[in-house]
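What you see is a predicted model, and the numbers here were worked out from it, not measured in a lab. Atom set for the values below is all heavy atoms of this structure, side chains included, hydrogens, waters and symmetry mates excluded.
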Amino acid sequence: MHPLCCLIMILLAFPVAADTDVAAAPAAIPVPANSGPDSVEKRRAALEQRVTAKWDALIRKDFASAYSLTSPAYRNLFSLEAFNRQFTVGRVDWRRIEVVDVDFKGDDAAVVGINIHFVYHQPQAENAIEMKTYTQEPWVRVDGQWWYVVKDKT
């Protein structure tokens, strides 16, 4: 139960305690910084904006911008060139994404489910195939900002 709700219930149940003359002001009940529906919505909106920015960069084949949205830990270990090698240019053209769900794993981690709409160009085939796939991406919040955690492809 939210601490503020508990305080209100106590004051309603024991109104005499609220009327007592106390020399010092009562200590404030600490409220977690990320409590309440507004903060969850704000975290989700900020996260979705970063997910969309990453995928918009990939759709434009702007791998440097997508790389800039990877976690600081990843960028400390892997160069932009290493990041670029993950992508096979030519067979797949990403078209758009849809954020389907966000599963927060505490205040600073989340798994984002997305639908990726793309066109697959089959080798030696005349027609490309439009497809959609669902994937989940891990994201972490470091110093108040959301970052993509690159999955190990091995």
Side-chain angles (χ1 to χ4, degrees), residues 1-12 27-154:
M1 182 177 287
H2 193 278
L4 188 56
C5 292
C6 291
L7 178 61
I8 291 170
M9 289 176 55
I10 290 170
L11 292 175
L12 289 174
I29 297 175
V31 177
N34 291 326
S35 66
D38 287 340
S39 61
V40 171
E41 289 303 315
K42 286 178 184 175
R43 280 190 299 148
R44 182 182 174 115
L47 177 55
E48 285 186 22
Q49 188 250 348
R50 297 284 283 189
V51 171
T52 301
K54 176 202 156 215
W55 277 99
D56 285 347
L58 290 175
I59 289 167
R60 293 187 320 271
K61 296 186 179 7
D62 180 358
F63 300 121
S65 292
Y67 175 76
S68 73
L69 295 166
T70 62
S71 70
Y74 176 85
R75 284 180 280 127
N76 283 336
L77 295 174
F78 297 97
S79 67
L80 172 58
E81 291 74 28
F83 178 77
N84 287 346
R85 284 192 290 269
Q86 297 180 60
F87 304 102
T88 305
V89 178
R91 287 186 161 194
V92 175
D93 288 322
W94 297 297
R95 298 293 189 206
R96 65 185 176 89
I97 63 124
E98 301 164 327
V99 175
V100 177
D101 53 62
V102 175
D103 182 15
F104 287 105
K105 307 290 185 184
D107 290 339
D108 296 325
V111 175
V112 179
I114 59 174
N115 283 330
I116 305 170
H117 297 263
F118 62 97
V119 175
Y120 175 69
H121 302 277
Q122 294 178 330
Q124 301 164 348
E126 289 183 28
N127 297 336
I129 302 171
E130 291 189 33
M131 303 175 83
K132 174 179 81 169
T133 189
Y134 175 84
T135 190
Q136 293 183 318
E137 296 183 336
W139 286 76
V140 294
R141 193 166 65 169
V142 177
D143 296 330
Q145 188 64 269
W146 288 102
W147 304 99
Y148 171 60
V149 178
V150 179
K151 296 178 190 174
D152 185 13
K153 304 285 185 193
T154 58

*Could you state the interatomic distance from CD (E48) to CD1 (I114), rounded to the nearest 0.5 Å?*
11.0 Å
*Using ring pair (Phe, Tyr, Trp, His ring centres under 6.0 Å) as the criterion, list what pairs up with Y120, not counting sequence neighbours.*
none
*asked:* Please enumerate all residues that pass ring pair (Phe, Tyr, Trp, His ring centres under 6.0 Å) together with W147, with sequence neighbours excluded.
replied: none
_Can you list everything that forms a ring pair (Phe, Tyr, Trp, His ring centres under 6.0 Å) with F83? Sequence neighbours excluded, please._
Y67, F87
*Measuring from R85:CZ to L80:CG, what's the distance to the nearest 0.5 Å?*
10.0 Å
*Evaluation steps, side-chain contact (heavy atoms from CB on, under 4.5 Å), between V102 and V51*: CA-CA 11 Å; V102 175; V51 171; over 6 Å; no
*So which heavy atom on A57 is nearest to which on S65, and how close?*
CB-CB, 3.8 Å
*asked:* Using side-chain heavy atoms (C-beta onward) and a distance below 4.5 Å, is F78 in contact with V150?
replied: no
*Applying side-chain contact (heavy atoms from CB on, under 4.5 Å), run through V149 and W139 and close with a yes or a no.*
CA-CA 5 Å; V149 178; W139 286 76; 5.7 Å; no
*With sequence neighbours excluded, give me every side chain to side chain donor-acceptor pair (under 3.5 Å) pair touching residues 68-78.*
Y74-Q86
*Of all the heavy-atom pairs spanning F118 and T133, show the shortest one and how long it is.*
CE2-CG2, 3.8 Å
*Do R43 and V40 come close enough that some side-chain heavy atom pair is under 4.5 Å?*
yes
*asked:* Let me confirm one number: the CG-NE2 distance from D93 to H117, rounded to the nearest 0.5 Å.
replied: 15.0 Å
*Could you name each residue pair satisfying salt bridge (Lys or Arg N to Asp or Glu O under 4.0 Å) that touches residues 115-138, not counting sequence neighbours?*
K54-E137
*Compare every heavy atom of W94 with every heavy atom of L58, then report the nearest pair and how far apart it is.*
O-CE3, 3.3 Å
*Which atoms form the tightest heavy-atom contact between V111 and Q136, and what is the distance?*
CG1-CB, 3.7 Å
*Once you round to the nearest 0.5 Å, how far does CZ of R95 lie from CD1 of I116?*
14.0 Å
*State the CD-OG1 distance between Q49 and T52, to the nearest 0.5 angstrom.*
7.5 Å
*Judged by atom type as modelled, is there a donor-acceptor pair below 3.5 Å linking the side chain of R141 to the main-chain atoms of D107?*
yes
*salt bridge (charged side-chain N to carboxylate O under 4.0 Å, His left out) partners for D101, two or more places apart*: none
*Rounded to the nearest 0.5 Å, what's the gap from OH on Y148 to CG on L69? Could you check?*
11.5 Å
